[in-house]
Amino acid sequence: MTYIDDSSLSRYRGLNFLGLISCISALAFAVIYLQQRLGLEPCPLCMASRLMVVALAATFLLAWLHNPRQLGQRFYALLGILLSLSGIGLNLRHIWLQSLPGDQVPECGPGLNYLLENFPLQQAFSIILSGSGECAEVQWTLFGLSLPQQTLLLFLFLLSLQVTQFRKKKRSYFN
């Protein structure tokens, strides 16, 4: 008789809860401390990164609530891997913009609200991903790391959780 050990399901659930709490903590830090307390306004790439964190939080939440067997968990993990890789790409682009010399920084573009109200979603998203001058500004650091560098570390951590879940094997026992 082959079956999945119930303790492996609880480990999946624990990893999903850890990912969910990490996403919620990061978003709370960004909104409550950085935006409301320090008055830092997020640039378009920061907003795109936040959207990726929200999407990952939703994935972790659904996987935690659903608590599926191996195939379902791999589906959630694969979705999370794709979202994490997208977040990593966004933050690498942001870090690159911040590393440009001042004379090579693109001009500041229109705000996120303007883009979403006046352009089709695909075109607005394309403009956001290209970044602008405001994305090149380093507004705040912690331990010498800019916000995009810190967010990159978050996405790498979340990616490691998803890869761990994707690679978990079901435990088989034979009678």
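Scope of the values below: all heavy atoms of this structure, side chains included, with no hydrogens, waters or symmetry mates.
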Can you give me the closest heavy-atom contact between Pro68 and Ala63, atom names plus distance?
CD-O, 3.7 Å
Taken to the nearest 0.5 Å, the spacing of Ile21 CD1 from Leu61 CG works out to 10.0 Å
Are Leu159 and Leu51 joined in one hydrophobic group, where the rule is that I, L, V, M, F, W and Y side chains link up if heavy atoms are under 4.5 Å apart?
no
Is the shortest heavy-atom distance from the side chain of Leu20 to the side chain of Asn16 under 4.5 Å?
no
Give a yes or no on whether Phe75 atom CZ has more than 12 heavy-atom contacts from other residues, nucleotides or ligands under 6.0 Å away.
no
Can you tell me if CZ on Phe29 sees more than 12 non-hydrogen neighbours from other groups inside 6.0 Å?
yes
Considering all heavy atoms, the nearest Ile95-Pro148 contact:
CG1-CB, 3.8 Å
Are any non-hydrogen side-chain atoms of Cys43 and His94 less than 4.5 angstrom apart?
yes
Are His66 and Tyr76 side-chain neighbours, meaning at least one heavy-atom pair lies under 4.5 Å?
yes
Do Gln35 and Arg50 have side chains that approach each other closer than 4.5 Å (heavy atoms only, starting at C-beta)?
yes
Cluster link Phe143 to Leu40, ILVMFWY, side chain under 4.5 Å:
yes
Hey, are the side chains of Leu15 and Trp64 touching, using non-hydrogen atoms and a 4.5 Å cut-off?
no
Show your reasoning for whether side-chain contact (heavy atoms from CB on, under 4.5 Å) applies to Phe155 and Thr151.
CA-CA 6 Å; Phe155 280 116; Thr151 309; 3.5 Å; yes
Can you tell me if CG on Leu71 sees more than 12 non-hydrogen neighbours from other groups inside 6.0 Å?
no
Is it true that a side-chain atom of Gln162 and a backbone atom of Leu78 form a donor plus acceptor pair closer than 3.5 Å?
no
Rounded to the nearest 0.5 Å, what separates atom CD1 in Ile81 from atom CG in Leu56?
10.5 Å
If you measure from CZ on Phe60 to SG on Cys23, what distance do you get to the nearest 0.5 Å?
5.5 Å
side-chain contact (heavy atoms from CB on, under 4.5 Å) between Arg93 and Leu45, worked out:
CA-CA 9 Å; Arg93 171 84 173 149; Leu45 286 176; 4.2 Å; yes
What heavy-atom pair brings Ala26 and Leu154 nearest, and what distance separates the two atoms?
CB-CD2, 3.6 Å
Euclidean distance, Arg69 CZ relative to Arg74 CZ, rounded to 0.5 Å:
14.5 Å
Check whether any side-chain heavy atom of Trp140 sits under 4.5 Å from a side-chain heavy atom of Tyr33, and report yes or no.
yes
For the hydrophobic clusters of this structure (ILVMFWY residues joined by side-chain heavy atoms under 4.5 Å, transitively), does one cluster hold both Val31 and Leu38?
no
I would like to know whether Phe166 and Leu161 meet side-chain contact (heavy atoms from CB on, under 4.5 Å); could you show each step before the answer?
CA-CA 9 Å; Phe166 188 82; Leu161 289 179; over 6 Å; no
Applying a strict under-4.5 Å side-chain criterion to I, L, V, M, F, W and Y, I'd like to know whether Leu62 and Leu158 cluster together.
no
Please report the closest heavy-atom contact between Asn91 and Ser49, naming both atoms and the distance.
ND2-OG, 3.2 Å
Minimum-distance pair of heavy atoms, taken over all atoms of Gln165 and Ala77
CB-CB, 4.2 Å
Should Leu34 and Met52 be regarded as members of a common hydrophobic cluster, given that ILVMFWY residues are connected when their side-chain heavy atoms come within less than 4.5 Å of each other, either directly or indirectly?
no
